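Take this structure, written in structure tokens, and hold onto it; I'll ask about it next.
None of the values given here were measured: they were computed from a predicted structure.
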There are 2 protein chains.
Amino acid sequence: MKNRITLKDLAKDLNLSPSTISRALGNHPAISDATKKRVQKKADEKGFTPNSIASSFRMKKTRSLGVIVPRIDIHFHSLVISGIEDFAYKNNYNVTIYQSKDALKREQEITKILQTRMVDGIISCLSIETTNCKHFKKFNKLGVPLVFYDRVPTDFDASKIVINDFESSFTATEHLIKSGCKRIGHIAGNQKTNIFKARLEGYKAALKSYDLPVDETLIMQTNSLSYDEGVACAKKYLSLPELPDGLFCANDYTAVSAIQVFRKNEIKIPQQVAIVGFSNYPISRIIEPNLTTVNDRAFHMGEASAKLLIRQIEDNNDIIDSEIITLKTELIIRESSRIG
Amino acid sequence: MKNRITLKDLAKDLNLSPSTISRALGNHPAISDATKKRVQKKADEKGFTPNSIASSFRMKKTRSLGVIVPRIDIHFHSLVISGIEDFAYKNNYNVTIYQSKDALKREQEITKILQTRMVDGIISCLSIETTNCKHFKKFNKLGVPLVFYDRVPTDFDASKIVINDFESSFTATEHLIKSGCKRIGHIAGNQKTNIFKARLEGYKAALKSYDLPVDETLIMQTNSLSYDEGVACAKKYLSLPELPDGLFCANDYTAVSAIQVFRKNEIKIPQQVAIVGFSNYPISRIIEPNLTTVNDRAFHMGEASAKLLIRQIEDNNDIIDSEIITLKTELIIRESSRIG
DNA sequence: CTGAAAGCGCTTACAG
DNA sequence: CTGAAAGCGCTTACAG
């Protein structure tokens, strides 16, 4: 950053004051068109670009959003970030990203950095270790709006963008029931996490509402819904006296691994076991048979987060304390549950 | 951002000057330990956090890196960003990201934004449309270092982090040859892009060096190496009088689609056709049979980019103009090429 | 060991 | 329609 042209330089060249240059470039109505043209021409000629740090400093607005995600390389989060960046870009905001690596300590450190960086607002998905959100409270005092998505705090009021995990799971399970399944299993995520708890509850509620029994031997608990855990769960199903005829998995990885384990054991999908996943990962379209899954709208979640956050930044109307937006999901029906 | 505590506030409280507060918090050697302690205590007590925008403005250093990627939601790029963020975080840099969406126009706009944002350095992978990099030249004049990765400019000197596509492809093809393949096909990427050109060349060179003929009917051209294009290519192979016995694909998507098309046609992988992909996408470990592929070190590419960039930012030594670092790849041998 | 002063490049209320 | 002036919150060369 050397010998940048400043407003002062332009002013000297044009025999005008820096105030006038600033206003001309900002298209201020009080400045004559003739002057605006002269200034713009000189600015282009000299390759002037405003120093937005100086402007941010002066205005106490940085037009940047801080985003804290567990990991950027998880597809769900990269889609969310993509949605955030897209919306932010269109509205002239910048996006600065941080990874908590699912570690509370790192998340806390990042909030300290964000506190000094003067971002105009923050979007975050909590780390898996975070049970207490007090490190986010400081932003309330500083007047920096927060929006959480996916893994959201329960211990304090904040704006949130979520999907209806309960309802989505209800619908997914209902789809299996309506397809004729009577013994439906569930591979469940970590029950310390609200979204996975809701998915289990939605599954149970659907069974109940169709007068099907909730058979605990058909519900498999996992820690992180990893591919390997999915393989282990599928093997457990195989060791049961009777196989389930339907399986709703709390994510796509476990659903894919179940498909593979079952097929290796000559079990026909969906004829013998119909399978539904959750999240619409890219692999769900590639695995054979293609996986029926819940589109969790990751990109839209990012867009919605950015939209809500920017509205909160720009609304001087201090009446709204927090806002919770629930996005619609969509059950994408593919071969893995298309029976007969 | 309201009623933030400033150095001046602390100074007033402690009957010291702002200069002393600044130096005390910056652990300046000239300040007595007693004063440092007093200042630190008061700062903690009042919840002081430095305004880093003011500091950036003053120092003309923002400690932030601008990153331009085609899309964040492409796994390769999200891994690279993850590597960048990780290294940057450890070195107290922030990472601001932009997506070009593979559009030259948007890439140009982003460079204009970055010019005003005063980032200390820029990391970028060129958009697919970019053939002319003159919109990056301004950063040379501004003294803002640039590092390109993966898709890098050929028309001007710049620091680059790349892998050796030629050699990696040579090794991958050689592996097929050594496994006993004699008729090896190649699904090639867009030949306007250097990396895909290099992959094709590496494949051809390996054949030649083992005295195998280069059979153009076994080389399929694609536009974007998409899954669907892979399916189409695989079908073309099936329509040939004789199938290849080995297939080196310029990415994993096309390799996966080839596996699926072949298997649907009762062709045994790897016994009848051995297949090798490129990039080590997550799906390569999941597809059956598991895909042999080239680990392109996306995360390390990000780390290396950030490392090189930060070194260029912090080295006042103006002797180095640009630096090109080639990373080692690794051939991961899995079932899809393990013959016999 | 500490302070007074200048200045980074903008923006804007005030004056004319 | 344009300008002079103040100030955002830091940092640091200079002085003592």
Side-chain angles (χ1 to χ4, degrees), chain A residues 1-40 42-43 46-64 92 115-120 142-143, chain B residues 1-40 42-43 46-64 92 115-120 142-143:
Chain A
M1 285 182 273
K2 38 190 177 188
N3 7 320
R4 280 178 159 270
I5 312 291
T6 67
L7 291 184
K8 222 168 146 190
D9 297 329
L10 294 179
K12 204 172 287 174
D13 276 25
L14 292 166
N15 263 318
L16 288 167
S17 72
S19 334
T20 302
I21 307 293
S22 172
R23 284 191 275 243
L25 293 171
N27 202 24
H28 189 105
I31 304 294
S32 74
D33 281 357
T35 305
K36 281 181 190 168
K37 264 179 206 145
R38 272 182 70 213
V39 171
Q40 191 58 61
K42 180 60 83 178
K46 299 213 103 185
F48 169 78
T49 46
N51 178 335
S52 68
I53 296 297
S55 172
S56 293
F57 172 52
R58 173 62 229 249
M59 310 281 279
K60 294 175 181 293
K61 283 281 167 205
T62 55
R63 294 198 84 83
S64 62
N92 292 310
Q115 196 175 4
T116 76
R117 298 295 300 183
M118 318 281 284
V119 288
D120 290 350
L142 293 168
Chain B
M1 286 183 274
K2 39 191 175 187
N3 5 325
R4 281 178 158 268
I5 312 291
T6 67
L7 291 184
K8 223 169 147 190
D9 297 328
L10 294 179
K12 205 172 286 173
D13 277 24
L14 292 166
N15 264 319
L16 287 167
S17 73
S19 332
T20 302
I21 307 292
S22 173
R23 285 190 274 242
L25 293 171
N27 201 24
H28 189 107
I31 305 294
S32 74
D33 279 357
T35 306
K36 281 181 188 169
K37 264 178 205 149
R38 275 181 70 213
V39 171
Q40 191 57 61
K42 180 59 86 179
K46 300 214 103 184
F48 168 79
T49 45
N51 179 333
S52 67
I53 296 297
S55 172
S56 293
F57 172 51
R58 173 61 229 247
M59 309 281 281
K60 295 175 180 292
K61 282 280 166 206
T62 55
R63 295 198 81 83
S64 63
N92 292 310
Q115 196 176 5
T116 77
R117 300 293 301 182
M118 318 280 283
V119 289
D120 291 350
L142 292 167

Requested in this report: Please determine, for the side chain of S55(A), which listed nucleotide (dG3(D), dT11(C), dA4(C)) has the closest atom?
Outcome: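 For the S55(A) side chain, the nearest candidate turns out to be dT11(C).
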Report task. Spell out, as yes or no, whether a donor-acceptor pair under 3.5 Å connects the side chain of D120(A) to the backbone of T62(A). Result -> yes
Query raised in the report: Any idea which of dG3(D), dC10(D), dG9(C) is nearest the N51(A) side chain?
Result: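 Out of dG3(D), dC10(D), dG9(C), the nucleotide with an atom closest to N51(A)'s side chain is dG9(C).
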Report task. From the options dT2(D), dG9(D), dC1(C), select the nucleotide whose nearest atom is closest to the side chain of A30(A). Result ->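 That would be dT2(D).
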Report task. Could you check how far NZ of K37(B) sits from P of dC1(C), rounded to whole Å? Result ->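 About 13 Å, once rounded to whole Å.
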**Report entry** Pair S17(A), T20(A): side-chain N/O donor-acceptor within cut-off below 3.5 Å
**Finding:** yes
Query - Aromatic ring of F57(A) stacked on base six-ring of dC8(D), 5.5 Å, 30° - result: yes
**Report entry** Presence of donor-acceptor pair under 3.5 Å, side chain of R23(A) and base of dG3(D)
**Finding:**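 Such a pair exists between side chain and base.
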Query raised in the report: K8(A) NZ to dT11(C) P: how many Å, rounded?
Result: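 K8(A) atom NZ is separated from dT11(C) atom P by 15 Å.
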**Report entry** Nearest-angstrom distance from the residue atom CD1 of I31(A) to P of dT12(C)
**Finding:** 13 Å
Query raised in the report: When the distance from CG of N27(B) to P of dT12(D) is rounded to whole Å, what number comes out?
Result: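 It is 14 Å, rounded to the nearest whole Å.
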Query raised in the report: Would you say a side-chain N or O of S32(A) is under 4.0 Å from OP1 or OP2 of dT2(D)?
Result: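 Answer is yes, contact under 4.0 Å.
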Query raised in the report: Taking the side chain of L16(B) as its heavy atoms from C-beta onward, which of dC10(D), dG3(C), dA4(D) lies nearest to it?
Result: dG3(C)
Query raised in the report: L7(B) CG to dG7(D) C1': how many Å, rounded?
Result: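 The answer, rounded to whole Å, is 16 Å.
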**Report entry** Between T35(A) and S32(A): side-chain donor-acceptor atoms closer than 3.5 Å
**Finding:**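 Their side chains do contain a donor-acceptor pair, which is all the 3.5 Å distance test asks for.
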Requested in this report: Measure from the side-chain heavy atoms of T6(A) and tell me the nearest of dT11(C), dG9(C), dC14(C).
Outcome: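 Of dT11(C), dG9(C), dC14(C), dG9(C) is nearest to the side chain of T6(A).
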Report summary line: Winner on side-chain proximity to S22(B), out of dG9(D), dT12(D), dG3(D), is dT12(D)
Query - Selection from dC10(D), dC10(C), dT2(C) that lies nearest to any side-chain heavy atom of F48(A) - result: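 Closest nucleotide to the F48(A) side chain: dC10(C).
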Requested in this report: Check whether any side-chain N or O of K36(B) sits under 4.0 Å from OP1 or OP2 of dC1(C), and answer yes or no.
Outcome: no
Query - A54(A) side-chain proximity, nearest of dG9(C), dT2(D), dT2(C) - result: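 For A54(A), the side-chain atoms sit closest to dG9(C).
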Requested in this report: To the nearest Å, give me how far apart CZ (R58(A)) and P (dC10(C)) are.
Outcome: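 It is 13 Å, rounded to the nearest whole Å.
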Requested in this report: For S64(A) and V119(A), indicate whether the former's side chain and the latter's backbone hold a donor-acceptor pair under 3.5 Å.
Outcome: no
Query raised in the report: Counting side-chain heavy atoms from CB outward, which of dT2(D), dC10(D), dT12(C) is closest to S19(A)?
Result: dT12(C)
**Report entry** Short side-chain N/O contact from T20(B) to OP1 or OP2 of dT2(C), under 4.0 Å
**Finding:** no
Query raised in the report: Rounding to the closest angstrom, what is the interatomic distance between dG16(C) and dT12(C) at atom C1'?
Result: 16 Å
Query raised in the report: Can you tell if the side chain of R117(B) reaches within under 4.5 Å of the side chain of I53(A), non-hydrogen atoms only?
Result: no
Report task. Examine the side chains of S56(B) and R63(B) and answer whether a donor and an acceptor come within less than 3.5 Å of each other. Result -> no
Query raised in the report: Is any side-chain nitrogen or oxygen of T35(B) closer than 4.0 Å to OP1 or OP2 of dT2(C)?
Result: yes
Query raised in the report: If we call it a pair only when both distances are under 3.5 Å in a Watson-Crick or G-U wobble match, what pairs with dC1(C)?
Result: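 Paired with dC1(C), as far as the under-3.5 Å criterion goes, is dG16(D).
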